[in-house]
Colleague: 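One structure coming up, written as structure tokens, with questions to follow.
Order of the sequence lines sets the chain letters (A, B, ...), proteins ahead of strands, with each chain counted from 1. The figures that follow rest on heavy atoms only: side chains count, while hydrogens, waters and symmetry mates do not. Predicted model, so just to flag it, every value in this text is computed and none were measured.
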Number of protein chains: 2
Amino acid sequence: MKIGIYGYGNLGKGVEYAITQNDDMELVGVFTRRDPATVNLLTDGAKAYPAADIEKFKDEIDVLVICGGSATDLPTMTPALARHFNVVDSFDTHADIPTHFARVDEAAKAGGHTALISCGWDPGMFSLNRLYANAILPQGKDYTFWGKGVSQGHSDAIRRIDGVADARQYTCPVDAAVQAVRSGAQPELTTREKHTRLCYVVAKPGADTARIEQEIKTMPKYFADYDTTVHFISQEELDAEHKGIPHGGCVIRTGKTGGNQTHVIEYSLKLESNPEFTASVLAAYARAVYRLHTRGEDGCKTVFDIAPVDLSAESPETLRAHML
Amino acid sequence: MKIGIYGYGNLGKGVEYAITQNDDMELVGVFTRRDPATVNLLTDGAKAYPAADIEKFKDEIDVLVICGGSATDLPTMTPALARHFNVVDSFDTHADIPTHFARVDEAAKAGGHTALISCGWDPGMFSLNRLYANAILPQGKDYTFWGKGVSQGHSDAIRRIDGVADARQYTCPVDAAVQAVRSGAQPELTTREKHTRLCYVVAKPGADTARIEQEIKTMPKYFADYDTTVHFISQEELDAEHKGIPHGGCVIRTGKTGGNQTHVIEYSLKLESNPEFTASVLAAYARAVYRLHTRGEDGCKTVFDIAPVDLSAESPETLRAHML
């Protein structure tokens, strides 16, 4: 199938990598709001085009993977593109998913296309595991822990503080909380008890580090509800030790069945590159979107609607013989 | 939906428990090859009937959950019943799944019914996680570890040895192997390196325990390829300490994405009752089978073919708003 990539940041590059690992996929081109001449692709022979030219490629792209941000890009981008293309996005503002779904569904149906939103690992694989675990254990309790991993949003929030040159923030699960959950005891945990926040900050020359640390630790929503540790380091150390984008976490559901028997279901991810892994999930779901469209199943979908068989390049017979 | 249970051992009892946890399910009756008068059900008002009378209930049962054994029951039971009912089974002889699938598919289609085979946790939830992880990380390596848990087959094998009164065998994953896999190093592991076998044996009075231990440790297929530990204990100790049927394990896939980044995907289960958990999975898939049948999607299916949304009692809107 022929894949287009719309947006070429870390996620878009990850999709390009993922296409090289899937023999049934081919990159048509990358569409960017930057000057295409300045964009260096990884794929031999592939080209970057102006985002504004996307509609000229209507007949050449089977699935367009939209690699924009959830805050401002995707709410308008995905509905607009779903009129003309089968699309996949990674919209991750959990509270706004129903609105985004309705808009994309209307556009995709109007255009006779298939769209899949909120794909990746959370929302995405974590959501799937919440659903499976809830269906199996109706009487139980869900927990999600994130990290240890880099939060781009929290890193950005620190960078906006006066006197900060650069910053990297790690979200860390509290090990004692994870262990308590795994025991099946179903503890009630506060925000503070579940995660800590670890910040590496480069201060500008002469900046008041005590004030910066105080501003971070008291920042509402982002840090005030957490135990936060701040380390001031040099730009060189930040660049050397903290330029990766690792992430991960786990979804745990514990519950009881009739004979008062306790069960623990856990799904966990340890990712060296958050965007490359997310992109790999998007690529697998692009395959499913293509198949659904081929079968005439148009409109907006989520990971909940996709039968696992549609994600695999292998035939149903092979899967039953070797993976079941 | 109206559920029938065909076979009333540990698994059948587990399904009965699971029905009580799912408000949209109702138990029609239990069908047994034993004298129904000797069977005590847990559900008020529910009745046990002779298995031979099952066809009289054709119009009263939406989904029949077949709780027989894979060795001799299910290969004939499931195709025979799929002609007259929508069915779910837990057929777990991995190598024979394609044959079983073909037989059940033919019968279900001939009868206009929907069947789902090889449901539970392995095959079942473990299979699903193998498929998802392979679709996301095409370049990687799969590992499955089982335990610590009771293997009924291995316990039975010990009981067949001359001089053995009772036995319980635990399959145990080797912690060092699990840790090596989790590191992403993709080790090559032999059978012996992955699992050990721990046996609690009650010898008959006067039996030669040295000979029994030797027979266990050298038994082909079951024990010879493993490091096996044998403890002789009293029947009282076995009854007091080893009457539970716990199990579990984990499916791990590690792989790399384009930028040489390593990722670890792990799904793990810790189950206090293997049959009750398996039964809970069967109940969730019975819901999906009912829905597929309602939509006219007949024939044989596996967990690979079922969209997650069909497992849940919640509406798609609720799932998107609260679980995605």
Colleague: Taking every non-hydrogen pair under 4.5 Å, which of A/L137, A/T257, A/D92 racks up the most with chain B?
Modeller: A/T257

Colleague: Counting only non-hydrogen atoms closer than 4.5 Å, does B/L128 touch chain A with its backbone (N, CA, C, O), its side chain (CB onward), both, or neither?
Modeller: side chain

Colleague: Let's test your reading of the structure: which of A/G244, A/A284, A/P138, A/P123 forms the most heavy-atom pairs below 4.5 Å with chain B?
Modeller: A/P138

Colleague: Within the distance-only criterion (no hydrogens, no angle test), does the side chain of A/K270 pair as donor or acceptor with the backbone N or O of B/G184 below 3.5 angstrom?
Modeller: no

Colleague: Pick from A/L269, A/L131, A/D23: which one has the most heavy-atom pairs with chain B under 4.5 Å?
Modeller: A/L131

Colleague: Heavy-atom distance under 4.5 Å to chain A: side chain of B/N260, backbone, both or neither?
Modeller: backbone

Colleague: With a 4.5 angstrom heavy-atom cut-off, is it the side chain or the backbone of B/D122 that approaches chain A, or both, or neither?
Modeller: side chain

Colleague: Side chain, backbone, both or neither: which part of B/V251 has a non-hydrogen atom closer than 4.5 Å to chain A?
Modeller: neither

Colleague: Shorter than 4.5 Å, heavy atoms on both sides: which option in A/S280, A/G258, A/A321 has the most such pairs with chain B?
Modeller: A/G258

Colleague: Answer yes or no: is there a side-chain heavy-atom contact under 4.5 Å between A/N129 and B/N129?
Modeller: yes

Colleague: Name the residue from A/L319, A/D310, A/L311 that meets the side-chain contact (heavy atoms from CB on, under 4.5 Å) definition with B/F304.
Modeller: A/L319

Colleague: Counting neighbours of CD on B/E106 that are heavy atoms of other residues, nucleotides or ligands and sit closer than 6.0 Å, is the number greater than 12?
Modeller: no

Colleague: If you tally heavy-atom pairs under 4.5 Å against chain B, which of A/W121, A/Y267, A/F101 wins?
Modeller: A/F101

Colleague: What's the spacing between A/H94 NE2 and B/H322 NE2 if we round to 0.5 Å?
Modeller: 13.5 Å

Colleague: Select one option (side chain, backbone, both, neither) describing which atoms of A/I265 are under 4.5 Å from chain B's heavy atoms.
Modeller: both

Colleague: Identify which of B/A313, B/A95, B/G255, B/G259 forms the greatest number of heavy-atom pairs closer than 4.5 Å to chain A.
Modeller: B/G259

Colleague: Nearest 0.5 Å, what's the CD1-CE distance between B/I136 and A/M125?
Modeller: 4.0 Å

Colleague: For the atom pair CZ (B/R130) and CE (A/M323), what is the distance rounded to the nearest 0.5 Å?
Modeller: 8.5 Å

Colleague: As an exercise: rank A/V281, A/N22, A/T262 by heavy-atom pairs under 4.5 Å with chain B and give me the winner.
Modeller: A/T262

Colleague: At a heavy-atom separation under 4.5 Å, does B/F126 approach chain A through its side chain, its backbone, both, or neither?
Modeller: neither

Colleague: Considering only heavy atoms, which portion of B/D305 lies under 4.5 Å from any heavy atom of chain A: side chain, backbone, both, or neither?
Modeller: both

Colleague: Which bit of B/K13 is near chain A, if near means a heavy-atom gap under 4.5 Å: side chain, backbone, both or neither?
Modeller: neither

Colleague: Write down the atom of A/Q21, the atom of B/K256, and the distance for their closest heavy-atom approach.
Modeller: NE2-O, 3.0 Å

Colleague: Who wins among B/A135, B/G248, B/S268 for the most heavy-atom pairs under 4.5 Å with chain A?
Modeller: B/S268

Colleague: What's the separation between atom OG1 in B/T302 and atom CG in A/L324, rounded to the nearest 0.5 Å?
Modeller: 5.0 Å

Colleague: Under 3.5 Å, is there a donor-acceptor pair between the side chain of B/Q261 and the main chain of A/E276?
Modeller: no

Colleague: What distance do A/H263 atom NE2 and B/E272 atom CD have between them, rounded to the nearest 0.5 Å?
Modeller: 7.0 Å

